[in-house]
There are 2 protein chains.
Amino acid sequence: MTATVTVGEFSRLTHLSVKTLHHYHEIGLLAPASVDPSSGYRRYETSQVEVAQLIRRLRELRMPLPEVRAVVDAADGGSREETLRAHLDRMERELAHTRDVVTSLREMLTLEPAALAVEYRFIPAFRAYGVSGHVEREGIGSWCEFAFGRLGEIAARDGIVATSGAAYSDEFFTDDSGQVVAFLPVAPDQAPAEGVELVDLPGGFFAIAVHTGPFTDFDRSYGALGSHVAEYCEVATGPIRELYVVGPGDGPDPASYRTEICWPIRQIPTSPAAKG
Amino acid sequence: MTATVTVGEFSRLTHLSVKTLHHYHEIGLLAPASVDPSSGYRRYETSQVEVAQLIRRLRELRMPLPEVRAVVDAADGGSREETLRAHLDRMERELAHTRDVVTSLREMLTLEPAALAVEYRFIPAFRAYGVSGHVEREGIGSWCEFAFGRLGEIAARDGIVATSGAAYSDEFFTDDSGQVVAFLPVAPDQAPAEGVELVDLPGGFFAIAVHTGPFTDFDRSYGALGSHVAEYCEVATGPIRELYVVGPGDGPDPASYRTEICWPIRQIPTSPAAKG
DNA sequence: CTTCCACCCTCCGGTAACCGGAGAGTCAAA
DNA sequence: TTTGACTCTCCGGTTACCGGAGGGTGGAAG
């Protein structure tokens, strides 16, 4: 029969703190083999050391406990691998993102603020094929691939040539998830098509900034446009639109991308300095 | 004079949620330009959009608020750059670590558990030059560089040739920070030296595992040794020792490193299966 | 056989950076 | 004046634990 040890010993064996072991017991992730009914003392079996080690190592990876549980409970090696790989992917995406933002931040702090050209435009209402959904900000990349993939198919089939775009609700930005509509303009009498919606985009005034280059430093243009709008315009409510003038569909080089960021405003200011 | 806006508008302008703006007000990171004394309504100036944007972008980098505050309050660009760079470094270290552990985890899950050879040994008490300190687990790498750098100097000066090592208190592992002593064995009558202590390491029985290769998958050997000790030995209290048989000082190739991990036990088990 | 001390227990509160909701007050248009 | 959108404060919850208070246990020493 296997030997049993107290929390303290188990802690030394596994390098998990006693508090942590209490916690894992409480949430049912790693329960001691037995608990003395009168004293409440926990007793762990030496065979549990291995599981505890696994948990500790996963936690060192900053893997959330629910996922740790999934790995620990996983019956087959396949689903373990899967959870693990998903976590690794997430971490790597995070690092890539971090690197991008740091780079653009460094520029922002050291360089003079790039003179961002802002123009004002009235965009009339128009009809479009649309793919809409409630999207997490983190997953916007893959969602766009999906949405524009579908729109691209329809466009190719119907021979539509137009600049596609997307409308992002405020919540998408402020709450990190919200309604997004990817759209492809069509004629006002366009017939519905399988697999996409037919949406009507309302007209209105917009302050528009052109972002050149990859999507990684979008934030900078957004920030600058936000500042500009705050300073010179009366803001309107409603989703912000992006128009993908030159995008992934038009060539492989992200440096050549051109995106128009359209911020809804109430009217066109009489002069750029009118409110400054 | 600059225009002022409500929280809601400011939220739309900056893509920070109202809740977040409340929070930043409360902690004094970004206070509104004015607060209506009767209604409590916050009013932000459009010129504050820029700071808010900066904060948002730093937060997107997962930079802790105290550091954000440091960047925002920084008078000169130099100290901004510094904080930024420190953060970037930390993130990259984290990723590298993540990658390492994932790799070794993948092995652990897919491969058969490597047959870890464990031997038992009585190590008599000995005297050593020591560098000790309370060390954070995160900073163990640079601390070791410092400690063994100093020990190396002394060794070179005195012509001492011995396998150096380090003793890690339990708290170092369980609490992520604790006492660590780097040591270099010397003769029992060794005279004290400037810049290092003279320490006496107690003798005792140890279960010893030899870890071959770089330090990145130390965890695996530790886990295996922990499991082994739990299964077959009576554990003793006291710090775990590492002996750097072949280490960074002996050659540039991490793959050739050899480290003995010494786990204190009460006595040598009569047979490996004695307790199994 | 007691006494000691290290160990163990549970419960409560706190951490970071907010989110969600309740309940109530405010503002501007209709 | 009424509606409805907006705002306020306060309270509790989130994750994965840590720290401490107050009090019970267990094995060894005296």
Side-chain angles (χ1 to χ4, degrees), chain A residues 4-12 14-32 34-44 52 55-56 58-69 136-137 170-171 173-178 234-238 266, chain B residues 4-12 14-32 34-44 52 55-56 58-69 136-137 170-171 173-178 234-238 266:
Chain A
T4 75
V5 293
T6 64
V7 253
E9 278 173 289
F10 198 70
S11 162
R12 257 165 264 140
T14 58
H15 292 160
L16 292 165
S17 77
V18 172
K19 285 286 187 187
T20 302
L21 290 170
H22 283 184
H23 185 60
Y24 291 167
H25 182 192
E26 195 172 296
I27 64 171
L29 175 62
L30 180 64
S34 67
V35 178
D36 185 311
S38 73
S39 69
Y41 277 32
R42 292 163 177 85
R43 289 251 134 205
Y44 292 85
I55 294 174
R56 187 176 57 75
L58 295 173
R59 282 299 302 147
E60 248 166 40
L61 286 166
R62 281 146 183 56
M63 183 183 281
L65 284 184
E67 276 174 59
V68 173
R69 200 191 294 262
E136 307 273 312
R137 210 157 162 193
D170 275 332
E171 296 78 43
F173 295 108
T174 55
D175 302 351
D176 281 343
S177 89
E234 294 172 47
V235 295
T237 60
R266 266 215 269 282
Chain B
T4 74
V5 293
T6 63
V7 255
E9 278 173 290
F10 198 71
S11 162
R12 259 165 262 139
T14 59
H15 292 159
L16 292 165
S17 77
V18 173
K19 286 286 185 186
T20 302
L21 290 169
H22 283 183
H23 185 60
Y24 292 167
H25 182 194
E26 195 172 294
I27 64 170
L29 175 61
L30 179 64
S34 68
V35 178
D36 186 310
S38 73
S39 70
Y41 275 33
R42 293 162 176 84
R43 289 252 134 205
Y44 292 85
I55 294 173
R56 188 176 57 75
L58 295 172
R59 281 298 302 146
E60 248 166 40
L61 285 166
R62 282 148 182 56
M63 183 182 279
L65 284 185
E67 275 173 59
V68 172
R69 199 190 295 261
E136 307 273 312
R137 208 154 162 194
D170 276 332
E171 296 77 43
F173 296 107
T174 55
D175 303 351
D176 281 343
S177 91
E234 293 173 48
V235 296
T237 60
R266 267 215 269 283

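Lettering follows sequence order; numbering is per chain, from 1.
Between the NE2 atom of H15(A) and the P atom of dC17(D) there is a distance of 16 Å, rounded to whole Å. At whole-Å resolution of the value, OH in Y44(A) and C1' in dC8(C) are 12 Å apart. When rounded to the nearest whole Å, the span between NE2 of H22(A) and C1' of dC18(D) equals 13 Å. Look at CZ on R12(B): it is 13 Å from P on dA5(D), rounded to the nearest Å. The distance between atom CD of E171(B) and atom P of dC18(D), rounded to the nearest whole Å, is 13 Å. The CG atom of L29(A) sits 14 Å away from the C1' atom of dT15(D) (whole-angstrom rounding). Atom pair I55(A):CD1 and dC17(D):P shows a separation of 10 Å (rounding to whole Å applied). Distance D170(B) CG to dA6(C) P: 16 Å, rounded to the nearest Å.
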Go through H15(A) and R56(A) one step at a time and tell me if the side chain to side chain donor-acceptor pair (under 3.5 Å) criterion holds. CA-CA 8 Å; H15(A) 292 160; R56(A) 187 176 57 75; 4.8 Å; no
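If you check dT7(D), dT9(D), dC7(C) against the side chain of Y41(B), the one that comes closest is dT7(D).
With DNA chain C read from its 5' end, the first of the two nearest nucleotides for G8(A) and D36(B) is the one closest to G8(A).
Here the straight-line distance linking atom OH of Y24(B) with atom CG of L29(B) works out to 6.5 Å at 0.5 Å rounding. Atom CD1 in I55(A) sits 11.5 Å away from atom CE in M63(A) (nearest 0.5 Å).
Tested against V7(A) for a side chain to side chain contact (heavy atoms under 4.5 Å, CB included), the candidates R12(A), K19(A), R43(A), R42(A) yield a single pass: R42(A).
Checking the phosphate oxygens (OP1, OP2) of dC8(C), no side-chain nitrogen or oxygen of R42(A) falls inside 4.0 Å. Taking side-chain N and O atoms only, S39(A) has no distance below 4.0 Å to OP1 or OP2 of dG24(D).
A donor-acceptor pair shorter than 3.5 Å cannot be found between the side chains of S177(A) and D175(A).
A salt bridge is defined here as a Lys NZ or Arg NE, NH1 or NH2 lying under 4.0 Å from an Asp or Glu carboxylate O, and R137(A) with E60(B) meets this definition.
Judged by distance alone, the side chain of T20(A) and the main-chain N or O of L16(A) form no donor-acceptor pair under 3.5 Å.
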Which parts of nucleotides 16-23 of chain C does protein reach within less than 4.0 Å, heavy atoms only, written one letter per nucleotide 5' to 3' as B for base, S for sugar-phosphate only and - for none? -SBSBB--
